[in-house]
Amino acid sequence: MLEQRKQAPVYTNWLEGYNMSVTGEEKKKYLDLGLAEETSPENLLRKKLWEVRYTQKGKLTGYDSFMALWMELGYEQKQMGHFFFKGRTKKKMMKLAEGFMFSEGTTEALEDVLFKEYVNLVAVYISLCQKDKNYKSIVLGVGTMKDESLLYKIAEDVYNTGCGAAILSGMTEQYELLMRATKSAFLDAFPQDIGVWNAAEEKFRKKHGLE
C-alpha cells in the first residue's frame with residue numbers, strides 16, 4: 001500500500017497528503033499548509049503529534065517515536081503471561097498509553113485526528129515489513145516467504161501488537177482507538193483479506209484461551 005502511495009503521491013488536498021505521508025519531512029510540508037489555512041484545535045493537535053513523533057528539542061530527528069512505542073508494545077505482548085512480568089504489565093501499558101497520547105482525544109474531531117495518526121503508524125510498519133528481507137526470510141536469512149505466508153505473518157504480527165497487548169492486559173477501553181486503527185490499516189493495505197485478519201484474531205484467542 002505505502003509503496004504505491006510513494007510511487008504516485010498525488011493528493012487532492014493538504015490533509016490527505018498529511019495523513020498519507022510516510023516521513024516526518026513529508027508530513028511537515030503538508031502540516032504547514034494546513035496551519036497556514038487554519039489554526040483549528042485539530043490542526044494544533046496534528047502539530048503537537050508531529051512534534052512528539054518526529055522531533056527532539058525542537059529539531060527533526062529522523063526518528064519516529066511512535067514507531068518505538070509500537071515496537072515496545074509488541075515486546076510487552078510477548079512477555080504477558082510470563083510469571084515474572086505480571087506485576088509490571090499494567091504499569092508499562094499505562095506508560096505506553098501516555099506516550100501514544102490517547103488522552104488528547106477529548107472531542108470526536110480530535111479523536112479522529114488521533115485515529116488517522118495511528119492508521120498512518122501501522123501502515124508505515126506494514127510497509128517496512130513488506131520491504132525487510134530479514135522479516136521475509138524463512139530461517140536464518142535463507143529463503144523468502146511466499147506472498148501468502150508473508151501476509152499471514154503480517155496479520156498476526158499487527159494483530160498481536162495493536163490488539164493483543166490491550167486484550168491480555170485488560171486495557172481494551174484505553175487502547176480502543178489504536179485497536180481500531182490497526183485493523184483499518186491492515187485492511188487498507190490488504191482490502192480483500194478480511195479473512196486473513198479474522199484468522200489472526202482466532203489464532204490469538206485460541207492460543208490464550210479466550211474463546
Side-chain angles (χ1 to χ4, degrees), residues 1-6 11 15-24 26-27 30-31 34 41-43 45-54 64-77 92-130 151 153-201 204-205:
M1 174 184 62
L2 290 185
E3 292 177 30
Q4 293 176 349
R5 290 177 182 177
K6 295 188 76 175
Y11 306 120
L15 183 55
E16 182 184 12
Y18 174 83
N19 288 328
M20 299 288 279
S21 293
V22 300
T23 68
E26 289 176 349
K27 289 175 79 71
Y30 291 108
L31 178 60
E42 294 76 33
N43 282 346
L45 177 56
R46 291 184 183 98
K47 181 175 185 289
K48 186 174 182 178
L49 287 166
W50 183 86
E51 290 171 347
V52 170
R53 188 172 174 183
Y54 299 108
D64 186 341
S65 65
F66 275 20
M67 186 62 69
L69 291 173
W70 174 265
M71 300 303 290
E72 281 192 68
L73 192 61
Y75 173 80
E76 289 301 314
Q77 186 276 321
K92 182 64 176 180
M93 289 292 289
M94 290 177 67
K95 184 177 179 180
L96 290 174
E98 291 176 7
F100 279 118
M101 302 168 63
F102 296 145
S103 62
E104 296 286 342
T106 54
T107 68
E108 186 175 339
L110 293 176
E111 190 175 89
D112 186 63
V113 170
L114 290 173
F115 173 78
K116 288 184 171 63
E117 195 76 28
Y118 305 146
V119 169
N120 176 270
L121 167 66
V122 181
V124 171
Y125 180 74
I126 290 172
S127 179
L128 292 173
C129 292
Q130 291 174 299
L151 174 60
K153 181 178 180 179
I154 291 173
E156 291 175 17
D157 186 357
V158 297
Y159 181 86
N160 292 354
T161 299
C163 302
I167 292 169
L168 293 180
S169 63
M171 296 183 68
T172 54
E173 183 176 349
Q174 295 90 330
Y175 278 81
E176 187 273 337
L177 263 185
L178 181 61
M179 294 174 70
R180 185 153 47 90
T182 299
K183 181 177 182 179
S184 181
F186 179 84
L187 293 179
D188 282 348
F190 311 106
Q192 306 301 318
D193 295 299
I194 182 63
V196 177
W197 176 264
N198 291 340
E201 179 179 10
F204 176 87
R205 298 188 70 84

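All residue numbers in this chain count up from 1 along the given sequence. All values below come from the heavy atoms of this structure, side chains included, with hydrogens, waters and symmetry mates left out.
No side-chain heavy atom of Tyr175 sits less than 4.5 Å from a side-chain heavy atom of Tyr118. Proximity of Asn120 to Tyr18: side-chain heavy atoms (C-beta onward) are nowhere separated by under 4.5 Å. For the pair Leu128/Met67, a side-chain contact is recorded, criterion being any heavy-atom separation below 4.5 Å from C-beta on. Between Val196 and Phe190 the shortest side-chain heavy-atom distance does not fall below 4.5 Å. Using a 4.5 Å cut-off on side-chain heavy atoms (C-beta onward), Ile194 and Phe186 make no contact. Counting heavy atoms from C-beta on, the side chains of Glu104 and Glu111 never come closer than 4.5 Å. Side-chain contact between Leu114 and Leu49 is present, with heavy atoms from C-beta onward closer than 4.5 Å. Annotation: side chain of Leu178 is in contact with side chain of Phe100 (closest heavy-atom distance under 4.5 Å).
Distance check, rounded to the nearest 0.5 Å: CG of Asp64 to CE of Met71 gives 11.5 Å. Here the CE-CD distance, from Met171 to Glu173, works out to 10.0 Å after rounding to the nearest 0.5 Å. Distance SG/Cys163 to NZ/Lys183: 8.5 Å, rounded to 0.5 Å. Atom NZ of residue Lys116 and atom OG of residue Ser184 lie 9.0 Å apart, to the nearest 0.5 angstrom. In this structure, Thr161 OG1 and Gln77 CD are separated by 6.5 Å, a value rounded to the nearest 0.5 Å. A distance of 8.5 Å separates CE of Met93 from CG of Leu168, quoted to the nearest 0.5 Å.
In this structure, Asn43 and Leu31 approach most closely via the heavy-atom pair O-CD1, 4.2 Å. Here the closest heavy-atom approach between residue Val22 and residue Glu26 is recorded as N-OE1, 3.0 Å. Shortest non-hydrogen contact noted between Ala123 and Ala185 is N-CB, 3.9 Å. Taking each heavy atom of Thr182 and Gly162 in turn, the nearest pair found is OG1-CA, 3.5 Å. What you find for Phe66 and Met101 is that their closest heavy atoms are CZ-SD, 4.0 Å. When all heavy atoms of Arg53 and Leu121 are compared, the closest pair comes out as NH2-CA, 3.6 Å.
Ring-plane geometry between Tyr125 and Trp70 is classed as tilted, the angle between the planes lying from 30 to 60 degrees on a 0 to 90 degree scale. Below 30°, between 30° and 60°, or above 60°: for Trp197 and Tyr159 the angle between ring planes is above 60°, a perpendicular geometry. Between Trp50 and Tyr54, the ring planes are tilted. Angles from 30° to 60° get that label.
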* Asked: Under the side chain to side chain contact (heavy atoms under 4.5 Å, CB included) criterion, do Arg180 and Val119 qualify, and how do the steps go?
  -> CA-CA 9 Å; Arg180 185 153 47 90; Val119 169; over 6 Å; no
* To do: Show your working on side chain to side chain contact (heavy atoms under 4.5 Å, CB included) between Asn19 and Tyr30 and close with a plain yes or no.
  => CA-CA 9 Å; Asn19 288 328; Tyr30 291 108; over 6 Å; no
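No salt bridge links Lys153 with Asp157; every basic N to acidic carboxylate O contact stays at or beyond 4.0 Å.
Residues forming a side chain to side chain contact (heavy atoms under 4.5 Å, CB included) with Glu42 (at least two apart in sequence, or on another chain): Ser40, Arg46, Ala109, Leu110, Val113. Every residue two or more places apart in sequence or in another chain that forms a side chain to side chain contact (heavy atoms under 4.5 Å, CB included) with Glu72 is listed here: Leu69, Lys92, Leu96.
Side-chain atoms of Ser65 come within 3.5 Å of backbone N or O of Val52 as a donor-acceptor pair. Without hydrogens or angle criteria, Ser169 side chain to Ala166 main chain gives a donor-acceptor distance under 3.5 Å.
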